[in-house]
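Heavy-atom basis, side chains included; hydrogens, waters and symmetry copies ignored.
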Amino acid sequence: MALINCPECNKEISDTVKACPHCGYSFEKSVPQLPENTTGNEDNSSLSKNRNSKKVIIPIVIIIVLVFVAVGVYFLATANSRNYEKAVELYKAENYSESLEIFNKISDYNDSADYIKKCEYELSVNGQFLRALATGLEDRWKLNDKVDKDKNSEATTKDWENYINAEYNQVGKFAKMDFEDEKLGNLAKDYIKLLESAKGIVKYYGSNKNAFWNEYNPIYQDRCIIIMKISNDYVIPVNDKRKTTLNDLITEGELSNEIKAILKEAKFKKVSDSFGWKGYEAVVKNTSSTEFSWFCFNINLVDKNGTIVDTEMASTDNWSVGSKHKFKFSTSEKFDKIVVNSCNYS
């Protein structure tokens, strides 16, 4: 037997007693027991890890879902904007059918309604003709530029055929089409007739240039007048680089209108008849807005059958605006009437 100190009162007691005889402290208190299966800690640890993993994964899944939802919402919200941009690009590329199809789907977005009208106009006969007219003019100007670059060469009959065909190949098909705008349709068909007339006289260019220019100048002036009239009410969509050339034609059209008025005032009367030669004169006022350094009337002498028996010219120099000049010519030919239908000037 051995003596120990009581943990409660600190007095010496036997180590065999079950309770301290002095304070009653019991030595039979229960001692916590470990679980028989020592793997419990491992299971608890694994369960804890699983719970922690779920705590991490769930927020990630939520974030991913939210991102997909946000992307979906964004694409839905910007669908009209993206379709609009695509339709505008198609319109600029002159792909009007596809552009119109998209604009119709987003007709309430931005200015889609305006674009729908534009597309429908471009797809109409009116719109197609104006684009064809612009293309034909540009094709003609390119051919003309190519010849003009060679300063040592002069345009040939074949060149002139190519000039005229460059336009006619683009607009000729519209001669039998029904235009939505009657006014534009009439101007278009008159323009096509002028091109057909030019095709008919180009053969004279190589053999009789005077005859060619006498016939061609009125055609050119009438072409310019029609282009001017079309430009007054519609848009001829030539390339920006060619707008100056188009404006030159329009200006020429304005002048041609003024010249037509001058041609009507050129009324030649016989003033002399001697030794078979008859002299004719006309006093004409320059009612145009242009001062001419040289101006020449081309005069056809026509018999009763409508045949031109002779062509004469009557010219003047330094013809200022508002001034009157006397024009003269003489001939020995017999004819029925005098026709003044063209002129040259500088």
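By the 6.0 Å and 45° rule, K118 stacks over the aromatic ring of Y115.
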Got a list of side-chain donor-acceptor pairs under 3.5 Å for residues 251-258, not counting sequence neighbours?
residue: T251; atom: OG1; partner: N247; partner atom: O; Å: 2.9
residue: E252; atom: OE2; partner: Y345; partner atom: OH; Å: 2.3
residue: S256; atom: OG; partner: E252; partner atom: O; Å: 2.8
residue: E258; atom: OE1; partner: S289; partner atom: N; Å: 3.0
residue: E258; atom: OE1; partner: S289; partner atom: OG; Å: 3.2
residue: E258; atom: OE2; partner: S289; partner atom: OG; Å: 3.1

Only pairs under 3.5 Å count here: list side-chain donor-acceptor contacts from residues 272-288, not counting sequence neighbours, and write none if there are none.
residue: S272; atom: OG; partner: G279; partner atom: N; Å: 3.2
residue: N286; atom: OD1; partner: S288; partner atom: N; Å: 3.1
residue: N286; atom: OD1; partner: S288; partner atom: OG; Å: 2.7
residue: N286; atom: ND2; partner: T290; partner atom: O; Å: 2.9
residue: N286; atom: ND2; partner: W319; partner atom: O; Å: 3.2
residue: N286; atom: ND2; partner: S320; partner atom: O; Å: 3.3
residue: S288; atom: OG; partner: T290; partner atom: N; Å: 3.1
residue: S288; atom: OG; partner: T290; partner atom: O; Å: 3.2

Mind listing the side-chain donor-acceptor pairs of residues 298-306 below 3.5 Å, one per line with the distance, residues two or more places apart or on another chain?
residue: N298; atom: ND2; partner: N214; partner atom: OD1; Å: 3.3
residue: N298; atom: ND2; partner: S342; partner atom: OG; Å: 3.1
residue: N300; atom: OD1; partner: T311; partner atom: OG1; Å: 3.3
residue: D303; atom: OD1; partner: N305; partner atom: N; Å: 2.9
residue: D303; atom: OD1; partner: G306; partner atom: N; Å: 3.1
residue: D303; atom: OD1; partner: T307; partner atom: N; Å: 2.9

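Screening D181, L187, I230, I236 for a side-chain contact (heavy atoms from CB on, under 4.5 Å) with F129, the sole residue that qualifies is I230.
Under the side-chain hydrogen bond (donor to acceptor under 3.5 Å, both in side chains) criterion, N144 pairs with D148, not counting sequence neighbours. Residues that satisfy the side-chain hydrogen bond (donor to acceptor under 3.5 Å, both in side chains) test with N83, not counting sequence neighbours, are absent from this structure.
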Walk me through whether E94 and R131 qualify under side chain to side chain contact (heavy atoms under 4.5 Å, CB included).
CA-CA 10 Å; E94 298 186 6; R131 292 200 309 279; 4.2 Å; yes
Working for side chain to side chain donor-acceptor pair (under 3.5 Å), residues K105 and N80
CA-CA 9 Å; K105 293 178 181 178; N80 284 348; over 6 Å; no
Given S99 and K92, is the side chain to side chain contact (heavy atoms under 4.5 Å, CB included) satisfied, shown in steps?
CA-CA 9 Å; S99 178; K92 290 179 179 178; over 6 Å; no
Please assess D240 against K243 for the test salt bridge (Lys or Arg N to Asp or Glu O under 4.0 Å), listing each intermediate value before the final yes or no.
CA-CA 5 Å; D240 287 343; K243 285 184 177 178; 3.0 Å; yes
Evaluation steps, salt bridge (Lys or Arg N to Asp or Glu O under 4.0 Å), between E138 and R242
CA-CA 7 Å; E138 289 181 353; R242 289 295 191 178; over 6 Å; no
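Side-chain contact check for N104 and S107: no donor-acceptor pair (N or O, by modelled atom type) lies under 3.5 Å. Side chains of Y84 and D111: a donor-acceptor N/O pair is present below 3.5 angstrom, by distance only.
The side chain to side chain donor-acceptor pair (under 3.5 Å) contacts involving residues 259-268 comprise D222-K260, where partners must be two or more places apart or lie in separate chains.
Residues M177 and V171 share a hydrophobic cluster, clusters being chains of Ile/Leu/Val/Met/Phe/Trp/Tyr side chains in contact below 4.5 Å. Under the 4.5 Å side-chain heavy-atom criterion for Ile, Leu, Val, Met, Phe, Trp and Tyr, Y216 and F295 are members of distinct hydrophobic clusters.
In summary, the aromatic rings of W213 and Y204 are positioned with their centroids too far apart to meet the 6.0 Å limit.
A salt bridge links R223 and E167; the closest N-O separation between the charged side-chain nitrogens and carboxylate oxygens is under 4.0 Å.
E333 places no side-chain N or O within donor-acceptor distance of the main-chain N or O of D310, the cut-off being under 3.5 Å. Under the 3.5 Å distance criterion, the side-chain polar atoms of Y205 are matched with a main-chain donor or acceptor of A155.
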